[in-house]
J.: 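One structure is given below, represented as structure tokens, and several questions about it will come after.
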Amino acid sequence: MSRFVQHRWLVLLLASFAFLFSSCDDKTEQREKLIMVTSATFPPYEFYQGEHIVGIDADMVREIARRNNIDLIIEDMAFDSIIAAIQTGKADVAASGITVTEDRKKQIDFTTSYVKADQVIIVREDSTIDGADAMKGKRIGVQHGTTGDTYVTTNICEPERFQDGALAVASLATGKIDAVVLDSAPAKKHVERNVGLKILPVSLASEEYAMAIRKNRPELLKMINDTLTAMQADGTMDAITAKYQSKEAKEADKAKSKGFGEWLSHSFEVNFLKDDRWKYLMNGFWVTIEISFCAVLMGLIIGFLVAVIRSTHDQTGRHKILNFLCHIYLTVVRGTPVVVQLLIIYFVIFAAVDISKVLVAIVAFGINSGAYVAEIIRSGIMAVDRGQMEAGRSLGLSYGATMRSVILPQAFKNVLPALGNEFIVLLKETSVCGYIALQDLTKGGDIIRSQTYDAFLPLIAVALIYLIVVVCLSQLLKKLETRLKKNER
Ligand code: ARG
């Protein structure tokens with residue numbers, strides 16, 4: 001019987017690893033490809049239309065790729081991660097309305113610039129703010145890591161930093177902040193789509209946008225620059241820009257004047273049905289489940305090993321070095337935030353490796369969870385009566401055999417509720433995956449929000465889905481617990 005149980009575990013383990021590795025992108029194909037990164041909450045330069053990233057930047061790089069016969073892959077990530085993605089070679093080119101600055105030139109190379117822009121101030125229509133001076137002491141929103149952020153920080157005051165411009169504008173519209181400093185073209189789009197906002201007729205800074213590429217890639221730089229020049233000369237660039245100049249319909253406007261019921265159904269339609277936006281949530285949901293499931297398995301395996309090593313050391317004094325290593329692992333992993341670990345694994349450890357992001361997330365969350373699982377299981381092992389080990393040994397079983405077939409099963413049963421809790425925490429922690437441009441459930445909601453400027457329904461929907469998953473998971477664990485209890489008798 002115990003043989004069979006052992007085998008079942010082995011099969012499950014192998015199957016999970018097979019699943020884990022099949023989830024890596026197939027990167028064996030060797031066609032020339034260009035990976036572009038952007039932060040797609042910046043209309044008209046980059047934004048989502050249905051499931052596709054479009055906009056002036058996106059179309060321009062598409063055209064560059066087409067003219068040079070290269071496959072293009074566009075990846076969306078937080079704006080403040082873009083320069084790092086280029087520096088570490090995670091992507092070839094960044095086109096994201098990036099302003100040319102001396103500081104950035106130290107990190108990356110810029111192509112020739114293709115747009116002029118300004119930093120402008122957005123306020124509510126009834127605002128008394130009329131320029132930079134009047135902003136002192138007020139709550140000012142910016143997008144984190146942008147030149148607007150730098151400008152406000154050095155010249156005015158400490159701003160409120162938002163993950164994207166749309167979020168900052170939404171906060172302004174609802175009165176949580178007093179002004180937003182943003183690039184002129186996106187500011188115009190945001191104001192067109194929201195009610196009750198205006199742009200002040202002053203420019204805080206004049207800037208130029210260019211694409212960013214990694215240093216020391218002269219062929220790539222030349223290819224892009226040559227194509228940009230050609231596109232400028234034959235009018236392609238102007239055509240692309242003109243395509244995105246049309247006025248936006250005020251979604252919010254249409255919705256506001258209605259009663260609650262009508263507002264809700266309109267909002268539901270816009271946030272989920274229009275352009276098949278529900279697909280962001282569904283695809284994101286599967287990514288979240290895949291990452292959580294594999295990470296839980298990985299965490300369990302690591303946790304079991306570490307717990308056994310640590311308690312063996314505690315009880316017998318064996319495995320000194322291994323115990324020491326486990327100790328370091330626990331200290332480091334439990335002493336640092338999981339987002340930071342995720343970023344380090346992605347940008348530092350796997351910097352030079354072309355590896356699927358899902359796999360990176362699984363590894364990061366698996367390693368993180370392992371540390372907590374280890375301590376949970378160790379406390380379970382310690383809670384098993386010492387007499388059990390002695391009994392096992394006096395029956396002639398070895399230390400390892402007693403551990404495996406007497407101690408661990410009991411320990412596991414004891415800690416099941418705590419383990420369940422850890423899985424639930426892990427599932428929710430994966431919501432930071434958006435930092436490495438993974439489109440998990442949370443990011444799916446973010447994308448909808450950035451398109452519809454409506455925070456309410458997308459966030460509620462995302463919360464609801466997590467809640468449902470957690471409730472199902474708890475139910476499952478409860479069943480398992482009662483089953484194990486029954487076996488006891
Ligand atoms: N031009 C500004 C900068 O370079 C803001 C760019 C933000 N771009 C974006 N895709 N969100 O800092």
Side-chain angles (χ1 to χ4, degrees), residues 35-49 52-62 74-87 91 93-122 140-156 159-171 179-191 193 199 203-213 240-241 244 434-435 437 443 446-447 449-451 453:
I35 301 180
M36 158 183 161
V37 273
T38 189
S39 183
T41 52
F42 202 66
Y45 290 96
E46 40 268 334
F47 57 100
Y48 278 90
Q49 202 162 64
H52 297 284
I53 295 177
V54 296
I56 298 173
D57 282 335
D59 282 14
M60 263 180 357
V61 180
R62 262 194 201 105
I74 301 185
E75 292 191 354
D76 179 24
M77 59 169 63
F79 184 73
D80 52 354
S81 298
I82 284 182
I83 302 269
I86 291 296
Q87 265 184 318
V93 57
S96 195
I98 306 174
T99 303
V100 181
T101 70
E102 289 308 316
D103 278 341
R104 287 176 181 165
K105 271 190 199 159
K106 289 178 197 145
Q107 326 270 3
I108 39 111
D109 278 344
F110 278 112
T111 62
T112 44
S113 62
Y114 55 88
V115 167
K116 286 197 191 333
D118 292 296
Q119 290 295 320
V120 298
I121 306 169
I122 313 175
I140 305 170
V142 295
Q143 181 180 13
H144 187 205
T146 59
T147 45
D149 181 358
T150 318
Y151 180 88
V152 175
T153 310
T154 45
N155 298 306
I156 301 173
E160 291 193 21
R161 300 184 175 88
F162 291 85
Q163 204 47 255
D164 58 67
L167 255 186
V169 174
S171 296
V180 170
V181 171
L182 200 69
D183 300 47
S184 38
K188 199 165 149 235
K189 289 281 174 197
H190 288 315
V191 169
R193 289 185 202 177
I199 299 175
S203 155
L204 298 179
S206 297
E207 313 184 324
E208 284 186 6
Y209 295 166
M211 295 174 194
I213 64 170
I240 291 177
T241 313
Y244 291 99
Y435 274 87
K443 178 84 183 186
D446 282 351
I447 295 174
R449 188 173 44 68
S450 76
Q451 290 180 18
Y453 294 87

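These figures come from a predicted structure and were not determined experimentally. As the structure lists them, so they are numbered: ligands from 1, and atoms in each ligand from 1.
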J.: Would one find more than 12 heavy atoms of other residues, nucleotides or ligands at under 6.0 Å from atom OH of Tyr435?
T.: no

J.: Who passes salt bridge (Lys or Arg N to Asp or Glu O under 4.0 Å) against Asp149, sequence neighbours left out?
T.: Arg161

J.: Can you tell whether the side chains of Asp446 and Lys443 come within less than 4.0 Å, N to carboxylate O?
T.: no

J.: State which residue, out of Asp183, Asp57, Thr99, fulfils the side-chain hydrogen bond (donor to acceptor under 3.5 Å, both in side chains) condition with Tyr209.
T.: Asp183

J.: Would you check if the distance from the ring center of Phe79 to the ring center of Phe42 is below 6.0 Å?
T.: no

J.: Okay, side chain of Thr111, backbone of Ala210: is any donor-acceptor separation there less than 3.5 Å?
T.: no

J.: Near ligand 1, which residues have a heavy atom under 4.0 Å away from one of its atoms?
T.: Ser39, Phe42, Glu46, Phe79, Ser96, Gly97, Ile98, Thr99, Arg104, Gln143, Thr146, Thr147, Asp183, Glu207, Tyr209

